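First comes the structure, then the notes that go with it.
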There are 2 protein chains.
Amino acid sequence: MKEIKTSGRITILNDYLEKKGLKSTQQRYDIADAFFKTTAHVSLDELLRRVRRRNPDIGYATVYRTMRLLTESGLALARQFGDGQTRYENVPEDGHHDHIICLRCSKIYEFHNRKIEELQEDVAKKMGFEVIRHKLELYGYCRDCA
Amino acid sequence: MKEIKTSGRITILNDYLEKKGLKSTQQRYDIADAFFKTTAHVSLDELLRRVRRRNPDIGYATVYRTMRLLTESGLALARQFGDGQTRYENVPEDGHHDHIICLRCSKIYEFHNRKIEELQEDVAKKMGFEVIRHKLELYGYCRDCA
DNA sequence: CTGGCTGCAAATCATTTGCAAACGA
DNA sequence: TCGTTTGCAAATGATTTGCAGCCAG
């Protein structure tokens, strides 16, 4: 039996809200729910569009503020790809992953390596940092394109 | 004998301008020169401030437009660290480094770790990839902001 | 009740562009 | 000369905030 994916994450959000003395509202639920269903990197505009299919009265600012909450609670990742828009990445339940991208065919593969992450922690600690998250992207040529 | 660092890069810029039918101007020279002397990640404001120490009449827009040229010609790297400002990195002659960024105060430090890079190579090789370059950014809280 | 939330509109902030005058080739 | 460049100011676009009324706890 597999639990419905979003339910666990909604719980994480609710716990976060409670811990901060914030409130669970229908809007926050609608936005989180819509966001958890995304797979790529959504902009605020795109997300607002989706949320409004369910709840047409929601405003841009509410989506903006909710995405900040989701980001703070670790459920979303704010990313900049240089096109002037912040995009939000849905952090999957089974943890994050890194990317390896082929410079010729543009295919993106995912990987995860615990040892690398340990070393990252070491480096950070040495510099007095507490790491919250990281981004690692390898660019090169895949087997087919080498 | 080592050539003066910036002179070669100014040549690259001039070649680029000529190829595009653009002109060499004092402003472009001043801006490029100031930029080549930077070591960290300068914002446009910061760069403008530096350029004006030499040439007080230069405007923001000119710096903006010149940095676009430098980026196009490969001499600068435009980067987004999530603090809402585009920063320009002086592509160093002696290779790259990685970044660790404070989520509160937005300070950016650099580091370099050979072991991490070896592991990256390992991961890539296992996936049939040949790595050309990579990007690694750690986000967290620095000593002062933790 | 009450302090947090929402939607709106207005304010910010960085970036980008239009334009007349100045300039390089 | 002629097309490019410049500095200014204004336009743009995304993001952020103030506020009056609304709502969850």
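Side chains are part of it too, since the values below use all heavy atoms of this structure and drop only hydrogens, waters and symmetry mates. Protein chains get the first letters and strands the later ones, always in sequence-line order, with residue 1 at the start of each. Worth saying up front: this structure is predicted, and the values here are computed from it rather than measured.
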inquiry  = Any donor-acceptor pair under 3.5 Å linking the side-chain atoms of B:Gln80 with those of B:Thr86?
reply    = yes
note = Result for ring-ring contact (aromatic ring centres under 6.0 Å, His included) between A:Phe129 and one of B:Tyr139, B:Tyr109, B:Phe111 points to B:Tyr109
message = Are the side chains of A:Asp57 and A:Asn55 in contact, using a 4.5 Å heavy-atom criterion?
response = yes
ask   = Ion pair present between A:Lys19 and A:Glu72, side-chain N to carboxylate O less than 4.0 angstrom?
value = no
ask   = Reckon B:Tyr60 has a side-chain N or O less than 4.0 Å from the OP1 or OP2 of C:dT15?
value = yes
remark   = Assert: residue with more 5' nearest nucleotide on DNA chain D, out of B:Asn55 and B:Gly21, is B:Gly21
query = Could you give the CE-to-P distance, from B:Met67 to C:dT15, as a whole number of Å?
reply = 12 Å
ask   = Given atom CG of A:Asp30 and atom P of C:dC5, what is their separation to the nearest angstrom?
value = 16 Å
query = Rounded to the nearest 0.5 Å, how far apart are CG of B:Leu69 and OH of B:Tyr16?
reply = 6.0 Å
Donor-acceptor side-chain pairing of A:Gln120 and A:His134 below 3.5 angstrom = yes
task = Could you state the atom-to-atom distance from NZ of A:Lys20 to P of C:dG4 in whole Å?
result = 13 Å
query = Say you draw a straight line from CD of A:Glu110 to CG of A:Asp98; how long is it, rounded to the nearest 0.5 Å?
reply = 9.5 Å
request  = Would you please name every residue forming a ring pair (Phe, Tyr, Trp, His ring centres under 6.0 Å) with A:Tyr88, sequence neighbours left out?
outcome  = none
ask   = chain B on DNA chain D: first and last contacting nucleotide, 5' to 3', under 4.0 Å to a heavy atom?
value = D:dG3 to D:dC8
key: A:Arg114 and A:Glu117 ion-paired at < 4.0 Å   = no
task = Using a 4.0 Å heavy-atom cut-off across all strands, classify A:Asp45 as base, sugar-phosphate, or nothing.
result = nothing
Just the atom pairs and distances: protein N or O near nucleotides 21-25 of chain C's N or O, under 3.5 Å.
{"residue": "C:dG24", "atom": "N2", "partner": "B:Lys23", "partner atom": "NZ", "Å": "3.1"}
{"residue": "C:dG24", "atom": "N3", "partner": "B:Lys23", "partner atom": "NZ", "Å": "3.3"}

key: Distance below 4.0 Å between B:Tyr64 side-chain N/O and C:dT15 OP1 or OP2   = no
query = Looking for any heavy atom pair under 4.0 Å, which part of the strands does A:Arg65 touch: base, sugar-phosphate only, or nothing?
reply = base
key: Distance, rounded to the nearest Å, where A:Ile58 contributes CD1 and C:dG7 contributes P   = 6 Å
